[in-house]
Amino acid sequence: MHDIRSIRENPAAFDAALARRGLAPLSAEILAIDEKSRAIKTQLQQGQARRNEASKLIGQAMAARDMTTADALKAEVATLKDQMPALEAEDRDTGDALTALLAAIPNLPADDVPQGADEADNVECTRWGTPRTFDFTPQDHADFGPALGLDFEGGARLSGARFTALRGQMARLHRALAQYMLDTQTGTNGYEETIVPLLVKDDALFGTGQLPKFAEDLFKTTDGRWLIPTAEVSLTNLVANQIVPTDSLPLRLTALTPCFRSEAGSAGRDTRGFIRQHQFEKVELVAICAPEDSTAEHERMCAAAEGILQALALPYRKVLLCTGDMGFGARKTYDLEVWLPSQDTYREISSVSNCGDFQARRMNARYKPEGSKQTMFLHTLNGSGLAVGRTLVAVLENYQQADGSVIVPDVLVPYMGGVTTLQPR
RNA sequence: GGAGAGGUGGCAGAGUGGUCGAAUGCACCGCACUCGAAAUGCGGCGUGCCCGCGAGGGUACCGUGGGUUCGAAUCCCACCCUCUCCGCCA
């Protein structure tokens, strides 16, 4: 959500930032509505002021038994009240229009975000690890996975496309990955373990920016709630409408949850395999901090996500997203892309974003800086640390052997009850 | 799901139709006293929005949304949430 005052003060800068996102200028339209809205407000409030004043006088007149004056004043208020509903409606309508307009505008990119149209313009920051040289042709996990317990057919029978069941050693490996990630983020990296609701109300999704624009990407329950598409929604909204005690900042939270996405816009993409599912698990990282700390917090969070890939010895690259590829709420995003041998390319496995005060404004999450009487909006950040399903795919593909078995990465062996290899059946 | 009680400022807690944005206490801030602190005294102390260069003025907000009334924290309706008891249940 954008601050109408900053748009008022510098409409040109606002439009310039929108242009970086590939959007047409909006400040003129916004400010026209804003001006109209304020004019109506002023008029309405003058009416209310007179009504309040007259009502007090009526009280006094009646106490003095001066019915003539009281009746005259009552008549005046009656006239006033005839006009007010129309003004009230107009006030509500312009206010709603302004909110609707502002709520649909994405966050503005940070200055150091590269200009670009789509993912082709993203900038690679670093590469870690060297893709393994295979002495056989590496297979797609969708092909050798079923023999190891990836049950695509079972999932599809139950629930349709993009649902998968995991069985036996595959389920165990998935659990091992999730536990390892959670242990690392709560231990080494100091994020607070959190269990959150998976069903949330409209307000929560508005707060993080999924609503009102992206309802079609979500699943909705019959009682009007929504399944979370990411634990970012639940974790970040924990501070919604709160004034967070300054000494508790930064808040660093993590949660392992299933995530539900309708994938409405991705028909035909990644239809094979375990890459793009309606339901998948993810260890999410969220940080809530003071504005001056969010840049450092962003780097810290990204490092926390990278640590998992490094511990698993999975080659990856870190990419700085360009203006055209960033999500709605982000002002700066790093993607981590893991090497997938079967695709001979890097695929997204984590996205780490600094949202600045964009989400905090939408959900009214504030703090009171030391020595200040004024509350200020917090900064919010979120990142995957990591997407468990995609990490499973990366482990399978990078650790596959010619015989269809998969070696378990060293750090996971304790989580696998000592099992060192997944054997096809 | 049924019955009952209740939702007021950072917290506790008054307030059942007019001068209530709201007593009082605690917490907090400033000042005085003190070498300093405590205690005490005095003063201050909610948020959003609109108007104004400013001083300041206005408006809205007592769970949420409607309604009655010249006037609503207070009356009416609906909904949400919390607590207690009963039922059911992982």
Side-chain angles (χ1 to χ4, degrees), chain A residues 1-9 30-103 195-207 211 220-226 234 237-249 257-258 357 360-378:
Chain A
M1 195 72 158
H2 293 282
D3 181 10
I4 184 69
R5 255 172 292 190
S6 76
I7 301 174
R8 242 182 250 153
E9 279 162 23
I30 293 168
L31 292 180
I33 299 176
D34 176 48
E35 213 164 300
K36 185 179 166 204
S37 163
R38 283 189 293 156
I40 292 167
K41 263 197 174 61
T42 303
Q43 205 186 336
L44 175 64
Q45 290 185 0
Q46 283 167 353
Q48 290 168 326
R50 178 56 194 159
R51 180 200 63 196
N52 291 346
E53 187 184 26
S55 291
K56 277 183 188 170
L57 293 175
I58 290 170
Q60 289 169 9
M62 287 178 54
R65 302 205 175 281
D66 179 356
M67 291 324 226
T68 320
T69 307
D71 288 342
L73 285 164
K74 279 190 192 182
E76 183 191 343
V77 173
T79 320
L80 215 50
K81 279 183 57 171
D82 281 345
Q83 307 156 357
M84 301 225 333
L87 269 178
E88 277 165 7
E90 232 183 315
D91 177 44
R92 202 173 330 112
D93 291 348
T94 49
D96 289 352
L98 190 58
T99 305
L101 188 54
L102 290 175
I195 304 275
V196 292
L198 306 181
L199 263 50
V200 297
K201 297 188 285 191
D202 295 18
D203 288 351
L205 287 156
F206 181 87
L211 291 180
K220 190 169 190 177
T221 63
T222 52
D223 71 349
R225 290 176 231 271
W226 306 78
S234 303
N237 277 287
L238 249 20
V239 297
N241 298 309
Q242 301 289 309
I243 297 173
V244 179
T246 308
D247 57 15
S248 68
L249 298 175
T257 70
D357 65 5
R361 280 182 188 283
R362 294 173 80 96
M363 64 177 70
N364 193 29
R366 296 166 296 165
Y367 78 113
K368 202 173 276 187
E370 208 77 48
S372 166
K373 297 216 77 168
Q374 202 78 35
T375 55
M376 284 187 62
F377 289 111
L378 289 155

query = For A:Arg8, which contact category applies under a 4.0 Å heavy-atom criterion: base, sugar-phosphate, or nothing?
reply = sugar-phosphate
Anything under 3.5 Å between a protein N or O and an N or O of nucleotides 69-73 of chain B, put it in a table, one pair a line.
unit_1, atom_1, unit_2, atom_2, d
B:rC70, O2', A:Ser55, OG, 3.0
B:rG71, OP1, A:Lys81, NZ, 2.7
B:rG71, OP2, A:Lys81, NZ, 3.3
B:rG71, O4', A:Ser55, OG, 3.3

key: Rounded distance (Å) that lies between atom P of B:rC50 and atom CG of A:Asp34   = 7 Å
inquiry  = Can you tell me which nucleotide in B:rG58, B:rC51, B:rC49 comes closest to the side chain of A:Thr42?
reply    = B:rC51
query = Please give, in whole Å, the distance from B:rC61 C1' to A:Asn241 CG?
reply = 14 Å
ask   = Can you check the A:Ile40 CD1 to B:rC51 P distance for me, whole Å?
value = 12 Å
query = Below 4.0 angstrom, N of the basic side chain to O of the carboxylate: do A:Glu35 and A:Arg38 qualify?
reply = no
request  = Give a yes or no on whether the backbone of A:His2 and the side-chain of A:Arg361 come within a donor-acceptor separation of less than 3.5 Å.
outcome  = no
query = Using purine N1 to pyrimidine N3 plus N6-O4 or O6-N4 for Watson-Crick, or N1-O2 and O6-N3 for G-U wobble, both under 3.5 Å, which nucleotide pairs with B:rG4?
reply = B:rC83
note = Taken to the nearest whole Å, CG/A:Asp203 to P/B:rU64 is 13 Å
task = Going by the side-chain hydrogen bond (donor to acceptor under 3.5 Å, both in side chains) test, name the single residue among A:Thr221, A:Thr222, A:Asp223 that passes it with A:Arg225.
result = A:Asp223
ask   = With both distances kept under 3.5 Å, what pairs with B:rG10, Watson-Crick or G-U wobble?
value = B:rC26
remark   = Paired to B:rC88 by Watson-Crick or G-U wobble criteria (both distances under 3.5 Å) is none
ask   = Counting only Watson-Crick or G-U wobble pairs whose two distances fall under 3.5 Å, which nucleotide matches B:rC45?
value = none
query = Can you name the nearest heavy-atom pair linking A:Tyr367 to A:Ile243, along with the distance?
reply = CA-CG2, 4.1 Å
query = How many Å lie between CG on A:Asp91 and C1' on B:rC51, as a whole number?
reply = 15 Å
inquiry  = In whole Å, measure the gap between the C1' atoms of B:rA78 and B:rG10 for me.
reply    = 32 Å
Between CZ on residue A:Arg50 and CG on residue A:Leu57, distance to nearest 0.5 Å = 6.5 Å
ask   = Considering only the P atoms, how many Å lie between B:rC42 and B:rU24, rounded to the nearest integer?
value = 13 Å
ask   = Over how many whole Å does the gap from A:Phe377 atom CZ to B:rG48 atom P extend?
value = 8 Å
message = Looking at A:Arg51, I want to see if its CZ is surrounded by more than 12 non-hydrogen atoms of other residues, nucleotides or ligands under 6.0 Å.
response = yes
query = For B:rG56, which nucleotide in any strand shown is its Watson-Crick or wobble partner with both distances under 3.5 Å?
reply = B:rC51
query = Salt bridge or not for A:Asp203 and A:Lys201, using N-O below 4.0 Å?
reply = no
query = If every non-hydrogen atom of A:Ile40 is compared with every non-hydrogen atom of A:Glu90, which pair is closest and at what distance?
reply = CD1-OE2, 3.6 Å
request  = Looking only at side-chain atoms of A:Gln48, point me to the closest of B:rC49, B:rA60, B:rC50.
outcome  = B:rA60
key: Identified pairing partner of B:rC33, criterion: Watson-Crick or G-U wobble below 3.5 Å   = none
ask   = What do you reckon, is CD of A:Gln43 surrounded by more than 12 foreign heavy atoms closer than 6.0 Å?
value = no
key: Partner nucleotide of B:rU69 by Watson-Crick or wobble geometry (both distances under 3.5 Å)   = none
request  = Could you give the distance separating B:rU8 and B:rG15 at their P atoms, to the nearest angstrom?
outcome  = 14 Å
request  = Classify the nucleic acid contact of A:Arg50 as base, sugar-phosphate or nothing, counting any heavy atom under 4.0 Å across all strands shown.
outcome  = nothing
ask   = Any donor-acceptor pair under 3.5 Å linking the side chain of A:Ser37 with the backbone of A:Gly95?
value = no
Interatomic distance at P, B:rC76 relative to B:rG1, whole Å = 25 Å
ask   = Hey, is the side chain of A:Arg38 poking within less than 4.0 Å of OP1 or OP2 on B:rC51, counting only N and O atoms?
value = yes
query = Given the P atoms of B:rA12 and B:rG63, what is the spacing between them in whole Å?
reply = 14 Å
Integer angstrom distance from the C1' of B:rA22 to that of B:rG17 = 15 Å
request  = Determine the interatomic distance between C1' on B:rG66 and the same-named atom on B:rG54; round to the nearest Å.
outcome  = 41 Å
Anything under 3.5 Å between a protein N or O and an N or O of nucleotides 80-82 of chain B, put it in a table, one pair a line.
none

Whole-Å distance separating the CD atom of A:Glu53 from the P atom of B:rG57 = 15 Å
task = Can you tell me, in whole Å, how much space there is between the C1' of B:rC86 and that of B:rC61?
result = 38 Å
message = Reading RNA chain B from 5' onward, which residue's closest nucleotide shows up sooner: A:Ile243 or A:Gln45?
response = A:Ile243
ask   = What are the two closest non-hydrogen atoms of A:Val239 and A:Met363, and how far apart are they?
value = CG2-SD, 4.4 Å
Distance, rounded to the nearest Å, where A:Gln46 contributes CD and B:rA60 contributes P = 13 Å
ask   = Is a donor on one side and an acceptor on the other found under 3.5 Å between the side chain of A:Asp357 and the backbone of A:Phe377?
value = no
